[in-house]
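The block underneath contains the structure these notes are about, expressed in structure tokens.
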Amino acid sequence: MAIDRSNPIFLAPPQGQGGHNPELMLSAVLHLMSHYTAGADAAGGCVKLASVIERHLKALAGLPELAPVLSATCQQLSEQWATVVERSLHEQEKTN
């Protein structure tokens, strides 16, 4: 499956701006996560995509209008995706 990285859904959410739409952001991050999984090959997924997922989750976790349980889940997943990004970058450095 080809991924259209020019699609606006792959852009990081705006930081520090009002008017967040939690439902749209959550929809976007779920879409990104499915692309990461579907596009993962034997060498792993795309670091840039993992980084965008992490930023979306972090932005969601910081929204005051989000239910506490959803905010906590997004925060925890953001930390897990940050670990994926760090590990992937470390592995790339080792191969270069």
Q. Shortest non-hydrogen contact from Met25 to Leu60?
A. CB-CD2, 3.6 Å

Q: Could you tell me which non-hydrogen atom of Leu63 sits nearest to which non-hydrogen atom of Pro22, and how far apart they are?
A: CD1-CG, 3.9 Å

Q | Exercise: do Thr83 and Arg87 side chains pair donor with acceptor under 3.5 Å | A | no

Rounded to the nearest 0.5 Å, how far apart are [atom1] of [X] and [atom2] of [Y]?
X	Y	atom1	atom2	answer
Ser51	Glu86	OG	CD	10.5 Å
Gln75	Gln80	CD	CD	11.0 Å
Leu70	Cys74	CG	SG	4.5 Å
Trp81	His56	CH2	NE2	12.5 Å
Met33	Ile53	CE	CD1	6.0 Å

Answer with yes or no whether the hydrophobic clustering places [X] together with [Y]; edges join I, L, V, M, F, W, Y residues whose side-chain heavy atoms lie under 4.5 Å apart.
X	Y	result
Leu77	Val84	yes
Leu24	Leu30	no
Leu32	Leu66	yes

